[in-house]
Amino acid sequence: MKNMTSAELRQAFLGYFQSQGHEIVESSSLIPGNDPTLMFTNAGMVQFKDVFLGSEKRSYSRATTSQRCVRAGGKHNDLDNVGYTARHHTFFEMLGNFSFGDYFKRDAIRFAWYFLTEILELPKEKLWVTVHISDDEAEKIWKDEMGIDPERFSKLDEDNFWSMGDTGPCGPSSEIFYDHGADVWGGPPGSPEEDGDRYIEIWNLVFMQFNRSADGSMEPLPNPSIDTGMGLERIAAVLQGVHSNYEIDLFQNLLKAASAAVGCKETDTQSLRVIADHIRSCAFLICDGVIPSNEGAGYVLRRIIRRAVRHGNKLGATGPFFNSLVAALVTEMGDAYPELKAKQAQIERVLLKEEEQFAKTLDHGLRLLEEVIEDLSGAEIPGETVFKLYDTYGFPVDLTADVAREHKLTVDMDGFDQAMEDQRNRARAAGKFNVDYNDSLRLDGQTEFVGYTQLNGSAKVVALFRDGDSVDQLAAGDKGMVVLDQTPFYGESGGQVGDRGVLTANGTEFRVDDCTKESKNHLHHGVLVSGSLNVGDVIEPQVDSAKRRATAVNHSATHILHEALRRVLGEHVQQKGSLCDADRLRFDFSHFEAVKPEEIQQIEQICNEQIRLNSEVQTQIMDLEAARQTGAAALFGEKYEDTVRVLTMGEGFSVELCGGTHAQRTGDIALLKIVSEGGIAAGVRRIEAVTGAKALEYIDQSAVQLEAKLQEQISKSRQLEKELEQMKTSLAAAKGADLLSNAIDVNGVKVLAEQLDGVDPKALRDTIDQLKNKLGSGVVVLAAVADGKVSLAAGVTKDLTGQVKAGDLVRTLTARLGGKGGGRPDFAQGGGTDVSALPAALAEVRQLIEQSFNDGL
C-alpha cells in the first residue's frame, strides 16, 4: 500500500482518470449555480446535474473532479458531529469520475478496482464490496470479472439505491469499504454491527439507469450514466495508516496551527479538531462569495465561525485568533486552489470582523440570559429559551449551561434537543429536491442567437406554446410563446432583461413582450395581434432597437462599475446580482459597510474617466479555461459553457465573461451617475445608477430640486436668524433689567454703566432703549466682549442731552479701549480691542458725567 500525502493523492486520482479519457473539470463553487434546491455543493455530481437531466450538453462525455463540498445545512448537515467523530467534516473534498451516456457498470467497476488495487496498491483482502439486491449485473461483474471474494461481498437494499430526487434519474449503487482490522470494533455492511468503525465506506459508484415518474414507476434511461464519489480525507487516512481523518498530514498541520493560535499545549483535542475543520469550510465559503449574515448560506457560515471561536475560547483564547489560521490553510491547500491564496487577505478580514462582532454577541447574550434567570420561577431554564439564545442570538449552549450552574440551575436539554430537531426537519424539507423532472419543459435542439450582429432577419417557427402546452397553431388574440430556429431577440439572463419587438409575416403580427431562455432555446412571450401562426411558418423578427440600445449601454456600464467598485472598495467585491433595462441599471455586490460619499464620488470619477476614453468594447470567443487564465471575472453563481465570450473594456480595465449585448464603445454610455446606494442584506449592498440622457435628466432634475431646497433652507435660515435676534434681544433686556438696581446717582442723574456678556451690538442698542424707558431720566452705558473685542454703546434720555452727549461719552471711552466710536447726543456706539482696559473705562463714566454737568453750568 502506497503512502501518499493528500496533495499527491488528489493528483494521482485526477491523473489516472485523465489517462483513461476523462476531462479534468475544475471544482465548482460551494454555492451551486442556478440551483435553488441546494444551499451548498454537497457532492461531486452537483455541477453536472443538468447534464444528467439531459438539459445541458458538454464537449466531453467523461469527466473527473476533485470537488470541494460543504455539509453543514439542509438535508446533509454534519455540523454537530464535527470534532467528535473520526470522519465527519463540514468541508471535504470529493474525488469523482463521471460518464454521461458513455461507459457504464463494467468500466466504472474496472476503473475503481484498478485505481485502488494497482495505483494505490490497497490489499484486495482489505476491501469489501456491496451492491443493490436487484443488481445481478453488478454482482456478476464484481465476482466473475474482478474476482472479488464472495466472503467479502454484500447485497443491500435501500443503502445501495440512489436518486436525484422524488422523480428523475436514479439507479442502484455499489459501495467499496475498507477494513481497518479486527482490533477496531464493528461489522461489515449489512450486519448488526455495521455502525462501528472497522469497515469504512471509501467509494460509492452510482449507476444511473432509470427515470422514476411521480407514480413511482421506473423506465430505463436511453443513456445510462455513471456518478462516483470518494472522500479524499478518508482514503488519505487509509494510505497514511491512521484511523481518524484528523490524523492525516493536512489536518495535522492545521491542528498545530490552531493550538499555537489559541495558546494551548495540546495538539489534538475535540475543540482543536472543530477549529481545524471549520477554518476550511469558512475560508472556502468566503472565497466563493458567502458573507456572514442572518439567513441562508450566510447564516450557516456565521454559525460555523462562532462555533469555532467558542471552542477556541474554551481552550483559553482571549482575543481574535480564528482569522490567523487562514495562512496555515493557504500553505496546505493554496497550490491546489489558487483562488484561496489570492483571496487570503479578504478571508482574514471577514473572519476578524465576525470574531469581533461575536464578542459583542456574547456580551448581549449574557445580558439576555441574566434577564431570563431573574424572571425564572423554577430551577430549570426551558429548552425553548436555550434554543432561542443559541439560534437567534448565536449564544453557545455550553455557555448557557455554565451560567446556569453558577446560579445553581439546570438546563432542559431534552427541550433544546427537540427544538433543534424541529429545526433540522424544517431544513431537510427546505433542502429537498422536489422538481418533477418529467414535468419540466423539454425542447429538442436549440435556438441560434444572431442578435449580436443584427436586430432583424428571417426565422422558422419550431414550436408554439399556449397556457404552457405545446400547440401547432396560435390564433389572433392568443397569448403564448414562440420558439424559433434562430433569433435576434436576447433572452433574459445575466441581469439583462429580454428584448421586445415583433414577429411578422403576411398579415400576421406577434407582439413580443419579453424573451427568456430555457433548455438553450429562446422563448418569445407575447400576444398574436393579428393573423395566425403555425409551427413551420417563416417569419421576420424585429427587435425594438431603441430599447435594445439603451439596455446594452446600461449593461456595459455595469461592467465598468463593477471594476471601479473593486478598485475603490477592494478586490473582495463580488457581483451578487444585477438588472439592466432601458431606463437604469442596478448592481448588487458584497461589501461590509455603507459606501462613503467620498467613495461614491471616486467610483463615479473612475467610471466616467473610462467612458470618456471612448475605448472599443472588445469581444473574444475562447474556451472557459483559457478565459479564466486571462483573469476574466466570472459572475457569482453563473453557469458557463465550455466556450465563452470575454468582454474587455478600456486597456484591460474590465475583463469579464458575459453573454449579454453591449455598447460598441465605452463613449456610447456618455455619462454614469449613481442615484442611490444602500444595504439589501447582511454584507450585500446595492447601487442604482443611470446613464446617458437619463443621467443628464437626473442631474437637471437634481439641480432644480437642489435650488428649490436651497431657497427653502435660505428662507428657514433667515427666519431662524430673525427668531435668534429676537431671543438675544429678549435675553439682553432681561439681563439689563436685572442691572437696574446697580444704577447710581450722579448730580441727581441716574447712571448705569455695566458689562453684558453674550450680547451682540444690535442687542445692546435695543437693551439701552428699554433701560432708558424704565429709568425715565438718566444715562446708560453698556459693554460686551466677544472674540477678543469690546462693543460699547451709550444712551442718554432726551431731557439730559443738553448736559450729556452720548457721542462724546463713546468717543472718550473707545479711545481708552484702543478703538473709536461716535453717534447722536441720545445714542452712540463704538468698540475697541483692549479688553483689559474695559473695567477702568466703565468706572470712568461717573467722572465723565460729572465733568459734563460742571462744564454745562
Side-chain angles (χ1 to χ4, degrees), residues 30-31 279 282-306 308-309 319-326 339-340 342-365 392-394 495 557-579 584-608 633 635-637 654 672-690:
L30 285 172
I31 308 303
I279 190 60
C282 293
F284 276 102
L285 283 170
I286 296 169
C287 184
D288 282 345
V290 182
I291 299 295
S293 67
N294 291 326
E295 60 183 11
Y299 174 63
V300 175
L301 172 60
R302 172 162 284 168
R303 282 188 63 199
I304 300 174
I305 294 173
R306 292 184 171 186
V309 171
F321 72 92
F322 195 47
N323 65 94
S324 68
L325 300 181
V326 179
E339 62 269 34
L340 189 69
K343 297 182 180 179
Q344 177 179 343
Q346 174 59 19
I347 297 168
E348 291 171 341
R349 180 182 171 190
V350 173
L351 290 177
L352 176 60
K353 187 177 182 67
E354 187 64 18
E355 287 186 84
E356 293 172 342
Q357 179 64 35
F358 185 41
K360 300 176 184 177
T361 299
L362 280 174
D363 293 339
H364 182 57
T392 305
Y393 302 104
T558 64
H559 284 229
I560 293 176
L561 175 62
H562 187 188
E563 181 58 28
L565 285 165
R566 289 171 61 83
R567 296 195 178 195
V568 174
L569 304 180
E571 292 187 0
H572 65 277
V573 168
Q574 287 190 8
Q575 181 173 337
K576 295 295 184 180
S578 66
L579 175 65
R584 62 184 177 126
L585 64 93
R586 187 181 74 204
F587 192 81
D588 301 339
F589 59 98
S590 56
H591 193 50
F592 317 111
E593 58 188 358
V595 183
K596 301 177 181 64
E598 59 270 24
E599 292 173 331
I600 291 286
Q601 184 179 20
Q602 188 179 357
I603 291 164
E604 281 188 346
Q605 288 175 345
I606 293 174
C607 289
N608 287 311
L635 301 189
F636 180 79
S654 168
L672 181 142
K673 181 66 181 175
I674 295 173
V675 301
S676 68
E677 189 279 336
I680 60 171
V684 181
R685 312 293 300 178
R686 169 172 292 173
I687 277 181
E688 296 197 10
V690 287

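Along the sequence shown, the residues carry numbers beginning at 1. It should be emphasised that the depicted structure is a prediction, and the values quoted were computed from it without experimental measurement.
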Q: Is there side-chain contact between K673 and N608, with at least one heavy-atom pair below 4.5 Å?
A: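 The answer is no; the side chains never approach within 4.5 Å.
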
Q: Given side chains that start at C-beta, do those of L340 and I347 come closer than 4.5 Å, heavy atoms only?
A: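 Yes - at least one pair of side-chain heavy atoms lies under 4.5 Å apart.
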
Q: Are side-chain heavy atoms of V595 and I674 found at a separation under 4.5 Å?
A: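 Side chain of V595 against side chain of I674, heavy atoms only: no contact under 4.5 Å found.
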
Q: Could you state the interatomic distance from CD1 (I603) to CD (E598), rounded to the nearest 0.5 Å?
A: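 The CD atom of E598 is 10.5 Å from CD1 of I603, to the nearest 0.5 Å.
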
Q: Kindly indicate whether the side chain of F589, heavy atoms from C-beta on, has any atom under 4.5 Å from the side chain of L569.
A: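 F589 vs L569: side chains touch.
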
Q: Taking all heavy atoms of R302 and all of P292, pick out the closest pair and write down the distance.
A: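 So the minimum-distance heavy-atom pair works out to NH2-O, 3.7 Å.
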
Q: Checking E677 side chain against I600 main chain: does a donor-acceptor pair fall under 3.5 Å?
A: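 Here the side-chain-to-backbone pair does not exist.
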
Q: Is the closest side-chain heavy-atom distance between L672 and I560 below 4.5 Å?
A: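 No, side chains not in contact.
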
Q: Drop me the distance from E356's CD to L351's CG, to the nearest 0.5 angstrom.
A: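 So the gap between those two atoms works out to 11.0 Å.
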
Q: Quick one, I286 and L301 - any side-chain contact, counting heavy atoms below 4.5 Å?
A: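 Side chain of I286 against side chain of L301, heavy atoms only: contact under 4.5 Å found.
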
Q: Testing R686, K576, R685 one by one against D588 for a salt bridge (Lys or Arg N to Asp or Glu O under 4.0 Å), which residue passes?
A: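 Going through R686, K576, R685 one by one, the salt bridge (Lys or Arg N to Asp or Glu O under 4.0 Å) with D588 is satisfied by R686 alone.
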
Q: Can you tell me if E355 uses its side chain to pair, donor with acceptor, with the backbone of F321 under 3.5 Å?
A: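 Side chain of E355 to backbone of F321: a pair is present.
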
Q: Evaluate the criterion side chain to side chain contact (heavy atoms under 4.5 Å, CB included) for residue pair V290 and V300; output intermediate values, then yes/no.
A: CA-CA 10 Å; V290 182; V300 175; over 6 Å; no

Q: Assess the residue pair K343 and Q574 against the criterion (side chain to side chain contact (heavy atoms under 4.5 Å, CB included)); give the C-alpha distance rounded to whole Å, side-chain angles, the decisive distance to 0.1 Å, and a yes or no.
A: CA-CA 12 Å; K343 297 182 180 179; Q574 287 190 8; 2.8 Å; yes

Q: Are any non-hydrogen side-chain atoms of I687 and L565 less than 4.5 angstrom apart?
A: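 Touching, per the 4.5 Å side-chain cut-off.
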
Q: Measure the shortest side-chain to side-chain distance between E563 and H559 over non-hydrogen atoms and say whether it is less than 4.5 angstrom.
A: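 Side-chain contact under 4.5 Å: no.
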
Q: Under a plain distance cut-off of 3.5 Å, with no hydrogens placed, do Q344 and E348 share a side-chain donor-acceptor pair?
A: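 Yes - a donor-acceptor pair under 3.5 Å links their side chains.
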
Q: Can you check side chain to side chain contact (heavy atoms under 4.5 Å, CB included) on R584 and L579, steps first, answer last?
A: CA-CA 8 Å; R584 62 184 177 126; L579 175 65; 3.7 Å; yes

Q: To the nearest 0.5 angstrom, please state how far the CD atom of E599 sits from the CD atom of Q602.
A: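 Nearest 0.5 Å value for the CD-CD distance: 7.5 Å.
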
